[in-house]
Amino acid sequence: MTLYLCGFMGCGKTTVGKIIAKKLGLAYLDSDEEIVIKENMTIPEIFDKMGEPYFRKSEAETIKNFIGHKAVVSCGGGAMLNSDTAKSVSENGGIIVFIDVPFEVCYERIKGDSNRPIAVQSTKEQLLERYNQRYPIYLKNSEIRVECDCSPMESAEKIISAIKLRR
């Protein structure tokens, strides 16, 4: 089983993903970490030197490279906005889970985070607009939606329960 966690910046994909991987005895993979290693640059450097379209292309390739691994994958906030990527994952047995967290919670977690170029370069209003644009796409491109306005451990348990119900 390959479980792909998607959702807005700051929803908890990394933190919750690591907990889920440990609880299920699966490997843990992070698309952003893989891109940083592959490009030998930080995400802000990639955005600055290569641009967001280059980053998104690399992100899609990275996500597709995870297909077939028995792992929990934390996807970048924009990864599952790409319908082709989501379709490829789903057609190859991956399970896409949308970690649904209210904007205000996400915002409190990401504001001032210098490793998030979009967050740093955007006002709160711009981020809310982006959140609202992305929300229906996350819903459309995921198989499971879990409300996770709770602790990371509770979020992990809710997601694991949702996956078991799906089987």
Side-chain angles (χ1 to χ4, degrees), residues 1-37 42-44 55-56 58-60 62-82 85-86 88-90 92-120 127-128 130-167:
M1 166 177 65
T2 311
L3 180 65
Y4 294 81
L5 305 178
C6 75
F8 198 69
M9 298 174 274
C11 73
K13 298 177 295 284
T14 299
T15 302
V16 173
K18 289 177 180 176
I19 295 168
I20 294 170
K22 187 172 184 177
K23 287 186 166 289
L24 296 179
L26 296 170
Y28 172 77
L29 302 168
D30 185 297
S31 65
D32 286 346
E33 286 178 14
E34 290 294 319
I35 293 167
V36 166
I37 291 167
T42 66
I43 292 172
F55 177 81
R56 295 297 171 207
S58 183
E59 186 175 57
T62 300
I63 296 297
K64 288 178 183 177
N65 286 338
F66 292 151
I67 290 173
H69 288 75
K70 291 183 186 282
V72 176
V73 178
S74 292
C75 300
M80 289 304 164
L81 299 175
N82 182 325
T85 302
S88 181
V89 164
S90 294
N92 287 285
I95 301 168
I96 303 170
V97 177
F98 170 30
I99 300 178
D100 188 355
V101 174
F103 172 75
E104 289 296 330
V105 174
C106 293
Y107 181 73
E108 285 303 311
R109 294 175 182 170
I110 65 172
K111 68 180 181 184
D113 184 342
S114 61
N115 200 41
R116 297 177 192 268
I118 292 171
V120 170
L127 289 170
L128 176 58
R130 186 178 291 257
Y131 176 93
N132 289 333
Q133 288 170 344
R134 289 181 172 191
Y135 192 91
I137 301 169
Y138 292 138
L139 284 174
K140 180 179 141 230
N141 290 342
S142 59
E143 295 175 57
I144 299 171
R145 175 189 152 270
V146 181
E147 291 183 17
C148 291
D149 187 12
C150 49
S151 74
M153 190 62 73
E154 291 169 316
S155 295
E157 292 296 339
K158 288 173 85 171
I159 292 167
I160 291 168
S161 293
I163 294 163
K164 287 180 179 175
L165 284 174
R166 181 192 171 274
R167 290 183 186 170

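What you find for Ile67 and Ser88 is that their closest heavy atoms are CD1-OG, 3.5 Å. Ile99 and Cys148 get closest at one heavy-atom pair: CG2-CB, 3.7 Å. Heavy-atom minimum distance, Pro44 versus Ser114: CG-O, 3.5 Å. Considering every non-hydrogen atom in both Met80 and Cys75, the closest pair reads CE-SG, 3.9 Å. Considering every non-hydrogen atom in both Ile96 and Ala86, the closest pair reads CD1-O, 3.7 Å. Contact detail for Ile19 and Pro152: the closest heavy-atom pair is CD1-CB, 3.7 Å.
In terms of the side chain to side chain contact (heavy atoms under 4.5 Å, CB included) criterion, residue partners of Leu26 (sequence neighbours excluded) are, by chain and number, Met1, Leu24, Lys70, Val72. With sequence neighbours left out, the salt bridge (charged side-chain N to carboxylate O under 4.0 Å, His left out) criterion links Glu33 to no other residue. Checked against salt bridge (charged side-chain N to carboxylate O under 4.0 Å, His left out), Glu143 has the following partners two or more places apart in sequence or in another chain: Arg166. The salt bridge (charged side-chain N to carboxylate O under 4.0 Å, His left out) test applied to Arg109 returns no partner, not counting sequence neighbours. With sequence neighbours left out, the side chain to side chain contact (heavy atoms under 4.5 Å, CB included) criterion links Glu104 to Lys124. With sequence neighbours left out, Lys111 forms a side-chain hydrogen bond (donor to acceptor under 3.5 Å, both in side chains) with Glu108. In this structure Asp113 satisfies the side chain to side chain contact (heavy atoms under 4.5 Å, CB included) test together with Asn115, Arg116, sequence neighbours excluded. Legend: residues meeting side chain to side chain contact (heavy atoms under 4.5 Å, CB included) with Asp100, ordered by chain and number and at least two apart, are Phe98, Tyr131, Tyr135, Arg145, Glu147. With sequence neighbours excluded, no residue satisfies ring pair (Phe, Tyr, Trp, His ring centres under 6.0 Å) with Phe66. Annotation: salt bridge (charged side-chain N to carboxylate O under 4.0 Å, His left out) contacts of Lys140 (sequence neighbours excluded): none.
Taking the side chain as every heavy atom from C-beta outward, Ile110 and Leu127 approach each other to under 4.5 Å. Contact check for Ser155 versus Val146: no side-chain heavy atoms found under the 4.5 Å cut-off. Contact annotation: the side chain of Arg134 approaches that of Leu81 to within less than 4.5 Å [non-hydrogen atoms, C-beta and beyond]. The side-chain heavy atoms of Leu3 and Val97, taken from C-beta on, include a pair separated by under 4.5 Å.
Identified under the side chain to side chain donor-acceptor pair (under 3.5 Å) test for residues 19-29, with sequence neighbours left out: Lys23-Glu157, Tyr28-Asp30, Tyr28-Ser74.
With hydrogens and angles disregarded, a donor-acceptor distance shorter than 3.5 Å links the side chain of Ser31 to the backbone of Gly76.
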Do any side-chain atoms of residues 5-12 form donor-acceptor pairs under 3.5 angstrom with protein atoms, and if so which ones, sequence neighbours left out?
none

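The line from CG of Asn132 to CG of Leu128 is 4.5 Å long, rounded to the nearest 0.5 Å.
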